[in-house]
Number of protein chains: 2
Amino acid sequence: MSLDRLAINRWTCRTTPVEQLLEALPAAGIGSVGLWREDVEKLGLAQLRRRTDDLGLRVSSLCRGGFLTASAQADRASALDDNRRAIDEAAALGAPTLVMVAGGVDLADKDIRGARERVAEGVAAIAGHAEQAGVTLSLEPLHPMFAADRAVISTIDQALDIAESAGSPAVGVVVDTYHVWWDPYLERSIERAAASGRLLAYQVCDWNLPLAAEPLFSRGYTGDGYIDFPSITRMVAATGYRGDIEVEIFNEDVWADPVGTALATIAARYEELVAPYAG
Amino acid sequence: MSLDRLAINRWTCRTTPVEQLLEALPAAGIGSVGLWREDVEKLGLAQLRRRTDDLGLRVSSLCRGGFLTASAQADRASALDDNRRAIDEAAALGAPTLVMVAGGVDLADKDIRGARERVAEGVAAIAGHAEQAGVTLSLEPLHPMFAADRAVISTIDQALDIAESAGSPAVGVVVDTYHVWWDPYLERSIERAAASGRLLAYQVCDWNLPLAAEPLFSRGYTGDGYIDFPSITRMVAATGYRGDIEVEIFNEDVWADPVGTALATIAARYEELVAPYAG
């Protein structure tokens with residue numbers, strides 16, 4: 001059936017308790033879920049794994065590692081340790097990949113170049129641990145509007161530069177339509193990612209306007225905004241990508257919808273705008 | 001003196017009548033102003049030129065042409081005519097360059113690629129007129145957060161691709177820190193612009209957080225946000241750029257400041273964060 005590759009990121013239904021969301025997924029015909037470390041904290045690793053197994057759910061990804069821009073030595077060591085724990089959690093959940101958000105710029109030095117160098121060093125430092133755990137690291141370019149406070153990785157090309165410099169096949173990128181839809185070199189960079197085996201995940205949601213007061217929450221149901229999902233999905237499919245397609249929406253209105261309504265909307269939009277172009 | 005190259009974009013003091021702003025500039029030791037077509041409408045071209053001449057002011061730029069993404073034939077023809085008029089106005093004011101904002105995506109087709117092609121065609125169509133008028137066209141990459149509704153040109157590299165495809169030496173780019181500070185390939189793209197003689201203008205203002213309710217109005221006084229002005233100014237200066245450095249701020253708080261206060265703040269920040277690195 002056409003929902004085969006649809007995965008729901010747990011934050012899409014953030015206001016629904018995770019146990020309830022997991023149960024709602026098979027009922028909606030959805031077989032895959034992207035989890036957050038908060039879910040691990042809440043239920044415990046073993047219990048969370050048991051729930052997904054009992055329900056026959058795949059875990060598409062774990063959110064999130066990263067935040068590697070701190071310059072103080074103690075903060076860096078602690079961030080690396082935390083990332084190694086996140087890798088272990090992903091492995092224990094059967095998640096193939098850990099989504100990595102780079103971290104932002106320190107207002108004290110405003111040194112975005114230095115922050116980017118520290119991200120590259122941090123990724124290289126944990127790549128071996130990921131390889132041993134059988135987990136990939138999906139570096140996530142975030143929209144440039146988050147470069148200051150959230151992620152100094154802003155484009156797929158930049159993420160690939162860092163991935164390649166880590167010298168490990170375990171490091172790649174996640175393509176999230178919200179963050180990269182505007183990129184003039186999108187098709188070329190998606191091809192580059194796939195050509196080096198580093199196109200690890202594909203996430204979809206729309207760019208809605210006006211921006212929400214918290215811009216992070218402007219992610220909309222596919223079809224509600226400006227993004228051309230057939231075109232971008234074709235670019236991804238043309239590379240041979242046949243993995244999960246994860247819907248990750250942060251939106252107060254979506255969170256206000258009952259979970260069944262939200263999942264039905266997501267599934268219908270997916271069947272209309274994504275699945276026919278996904279290969 | 002160190003304010004020699006400082007120019008004030010007219011919108012920085014948007015709430016001050018243009019005649020009053022023009023008079024305030026020499027009093028603040030500032031010799032250059034970036035004007036808007038609204039000022040031309042208000043005072044008339046001859047009168048506006050007379051005022052700047054009488055005050056000994058240079059006109060650093062005219063804002064703005066562009067908005068070339070419409071797909072309907074009549075709309076395209078009308079946009080081209082309007083751009084030719086804007087070029088003529090820039091020439092009449094003695095402004096060396098017309099700042100061009102590309103225009104956004106049509107929500108009816110969501111075709112950003114098509115919109116970009118129409119921008120390239122439109123720029124090529126008016127480049128000859130600009131050459132004859134002795135005015136350059138400064139394509140302005142806007143922050144990707146404006147790609148949907150305002151400008152489908154998002155990076156310096158992309159602007160240069162379009163400029164080069166126009167086949168005219170009159171087409172180049174304006175580097176505005178607010179829009180491009182996050183670009184991982186910033187230094188390389190600034191060098192590329194200068195190497196082909198297409199680095200036409202440099203505008204400065206800061207990236208403030210949190211974003212304003214109207215994100216366009218999040219532009220702050222240099223030094224108030226996340227941008228490293230010494231570093232970016234050094235990149236620009238290293239190419240040999242010695243033109244005006246225009247301060248363009250859209251910010252409700254700045255507009256609430258008395259014009260003398262705003263100009264004094266801008267001048268002090270310029271002398272601290274920009275002038276020492278400007279070559």
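Order of the sequence lines fixes the chain letters, A, B, ..., with proteins taken first and strands second; residue numbering starts at 1 for each chain. Heavy-atom basis, side chains included; hydrogens, waters and symmetry copies ignored.
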Considering only NZ, NE, NH1 and NH2 on the basic side and carboxylate oxygens on the acidic side, decide whether [X] and [Y] come within less than 4.0 Å.
X      : Y      : result
B:E140 : B:R64  : no
A:R188 : A:D183 : no
B:D176 : B:R219 : yes

Spell out, as yes or no, whether a donor-acceptor pair under 3.5 Å connects the side chain of [X] to the backbone of [Y].
X     : Y      : result
B:T97 : B:T136 : yes
A:N83 : A:G65  : no
A:T12 : A:V247 : yes

Pick one of side chain, backbone, both or neither for A:I227, based on which atoms fall under 4.5 Å of a heavy atom in chain B.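 A:I227 touches chain B through backbone heavy atoms alone.
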Segment of B:I153 engaging chain A (4.5 angstrom heavy-atom cut-off):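 Neither; nothing under 4.5 Å.
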B:E214 versus chain A, the contacting section by heavy-atom distance below 4.5 Å: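 No part of it gets close to chain A.
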Only pairs of heavy atoms separated by less than 4.5 Å count here; which of B:S154, B:P184, B:A213, B:A212 has the most with chain A?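 Among B:S154, B:P184, B:A213, B:A212, the one with the most close pairs to chain A is B:P184.
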Please tell me whether A:W36 and A:N9 have a donor and an acceptor in their side chains that are separated by less than 3.5 angstrom.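 A donor-acceptor contact under 3.5 Å links the two side chains.
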Test side-chain contact (heavy atoms from CB on, under 4.5 Å) applied to A:S218 and A:I249, A:L211, A:N251, the passing residue: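 Of A:I249, A:L211, A:N251, side-chain contact (heavy atoms from CB on, under 4.5 Å) with A:S218 is met by A:L211 alone.
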For chain B, which candidate among A:D157, A:L186, A:V152 shows the most heavy-atom pairs at distances under 4.5 Å?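 Going by pairs under 4.5 Å, I would pick A:D157.
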Counting heavy-atom pairs under 4.5 Å to chain B, which of A:W207, A:Y185, A:W182, A:W181 comes out on top?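 Answer, by heavy-atom pair count under 4.5 Å with chain B: A:W182.
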Centroid separation A:F250 to A:W11 less than 6.0 Å: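 Yes: the rings meet the under 6.0 Å criterion.
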Are there residues of residues 142-150 of chain B whose heavy atoms fall under 4.5 Å of chain A's heavy atoms? If so, which?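 Hits under 4.5 Å: B:H143, B:P144, B:M145, B:A147, B:A148, B:D149.
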